[in-house]
Amino acid sequence: QQKVQQSPESLIVPEGGMASLNCTFSDRNSQYFWWYRQHSGEGPKALMSIFSNGDKKEGRFTAHLNKASLHVSLHIKDSQPSDSALYFCAVSIVYAQGLTFGLGTRVSVFP
Amino acid sequence: EAAVTQSPRNKVTVTGGNVTLSCRQTNSHNYMYWYRQDTGHGLRLIHYSYGAGNLQIGDVPDGYKATRTTQEDFFLLLELASPSQTSLYFCASSGGTGGQAPLFGEGTRLSVL
């Protein structure tokens, strides 16, 4: 069964700083990778997807995928207090068959 | 705007009680999912469905039934609720193309006393 591990468990970042989140997955057949963000009291919201090896940049967020090393990462540049949330890495082998989530990384951005 | 609506938002029941959690999406999505979220376990897939009348077993199905009555509506049933089912439950839907991220509802917090 797919295992998804995230590190670190928590991260404290100064406003304007860079946050780096890591995720490893176990199944080499994995094809779809998303980063979700969850603010307290809300449902998870998709932040960005990455499906091909390499980097993908969307605004202040950059995702990196290396399928050979079973690793995906998310970097948040110029962190804002509103980025304070729980971040999940979610992986899927077959798109329709649901997501396997990591335990999350809690990011706290202080002014 | 695409949305997934869950009801109720909060529910308290007693051990052995019956509970039905409801989920509706008006996004014309084929696929719908039920997850539970627990500290130390992240989100785990309970059941999912490819369409009306279809049901697939997820990773943690024990103690749960589900039913997809229409394309829009997906229900999660706990027929003999136990304290171990105290959790935050999320419904999600997706459109069936690999590029679309599954869309989650706002959750139902269930307490089984």
Side-chain angles (χ1 to χ4, degrees), chain A residues 1-10 21-27 29-52 56 58 61 63 65 72 74 85-106, chain B residues 1-7 9-10 21 23 25 27 29-51 54-61 66 68 74 87-109:
Chain A
Q1 189 170 7
Q2 173 88 268
K3 288 191 181 351
V4 177
Q5 294 185 298
Q6 290 185 241
S7 63
E9 285 186 19
S10 62
L21 289 66
N22 294 294
C23 173
T24 59
F25 53 97
S26 62
D27 196 317
N29 295 311
S30 300
Q31 297 190 72
Y32 304 99
F33 305 86
W34 284 276
W35 285 97
Y36 278 81
R37 181 163 76 178
Q38 185 181 31
H39 287 106
S40 183
E42 298 180 3
K45 290 182 174 58
L47 205 52
M48 63 187 298
S49 63
I50 186 164
F51 304 143
S52 302
K56 181 179 180 182
E58 291 185 359
F61 300 89
L65 175 62
V72 60
L74 178 71
L86 187 56
Y87 288 76
F88 289 107
C89 172
V91 181
S92 182
I93 298 169
V94 177
Y95 175 76
Q97 292 181 2
L99 302 171
T100 301
F101 284 81
L103 296 189
T105 293
R106 185 164 295 282
Chain B
E1 184 181 329
V4 175
T5 302
Q6 294 184 235
S7 62
R9 292 296 310 277
N10 293 282
L21 307 185
C23 177
Q25 55 93 6
N27 313 313
H29 285 170
N30 293 326
Y31 307 122
M32 294 185 75
Y33 310 85
W34 279 107
Y35 292 85
R36 60 179 288 174
Q37 183 177 13
D38 305 284
T39 304
H41 292 280
L43 284 98
R44 293 177 290 174
L45 182 64
I46 304 170
H47 289 300
Y48 60 105
S49 168
Y50 293 147
N54 177 267
L55 182 64
Q56 304 292 322
I57 293 171
D59 299 323
V60 290
R68 180 93 176 264
F74 194 30
S87 187
L88 183 56
Y89 291 87
F90 287 102
C91 177
S93 72
S94 67
T97 60
Q100 282 188 347
L103 182 65
F104 281 78
E106 292 299 297
T108 294
R109 187 168 292 282

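A note on names: the letters A, B, ... follow the listed sequences, proteins ahead of strands, and every chain is numbered from 1. Keep in mind it's a predicted model, so treat the numbers as computed, not measured.
Side-chain contact between B:H41 and A:F101: absent, with no pair of heavy atoms (C-beta onward) separated by less than 4.5 Å. Side-chain contact between B:P102 and A:Y32: absent, with no pair of heavy atoms (C-beta onward) separated by less than 4.5 Å. Within the 4.5 Å cutoff, the side chain of B:F104 has no heavy atoms near those of the A:E42 side chain. Residues B:Y33 and A:L99 form no side-chain contact, since every pair of their non-hydrogen atoms from C-beta on lies 4.5 Å or further apart.
Heavy-atom neighbours of A:K3 NZ from other residues, nucleotides or ligands within 6.0 Å: at or below the threshold of 12. Surrounding CD1 of B:I57 are at most 12 heavy atoms belonging to other residues, nucleotides or ligands under 6.0 Å away. Around the CZ atom of B:R44, the shell of radius 6.0 Å holds more than 12 heavy atoms that belong to other residues, nucleotides or ligands. More than 12 heavy atoms of other residues, nucleotides or ligands lie within 6.0 Å of CD in A:E58, so this atom counts as buried by the packing criterion.
For B:Q56, no part sits under 4.5 Å from any heavy atom of chain A, backbone or side chain. Proximity to chain B is limited to the side chain of A:Q1, based on heavy atoms less than 4.5 angstrom apart. The contact between A:L86 and chain B is made entirely by side chain atoms (from C-beta outward), counting heavy-atom distances below 4.5 Å. Contact of A:Q38 with chain B is made through the side chain alone, with heavy-atom distances under 4.5 Å. Using a 4.5 Å cut-off between heavy atoms, B:L43 touches chain A through backbone and side chain atoms alike. Interface residue B:Q37: only side-chain heavy atoms are found under 4.5 Å from chain A.
In terms of heavy atoms, A:F88 sits closest to B:G42 at CE2-CA, 4.4 Å. Across all their heavy atoms, B:S94 and A:Y95 have their closest contact at CB-OH, 3.3 Å. Between B:Y31 and A:A96, the closest heavy-atom pair is CZ-CB, 3.5 Å.
Here OG1 of B:T39 is found 10.0 Å from CG of A:L103. Values are rounded to the nearest 0.5 Å.
Interface remark: of the candidates A:G98, A:S49, A:G41, A:A46, A:G98 forms the most heavy-atom pairs closer than 4.5 Å to chain B.
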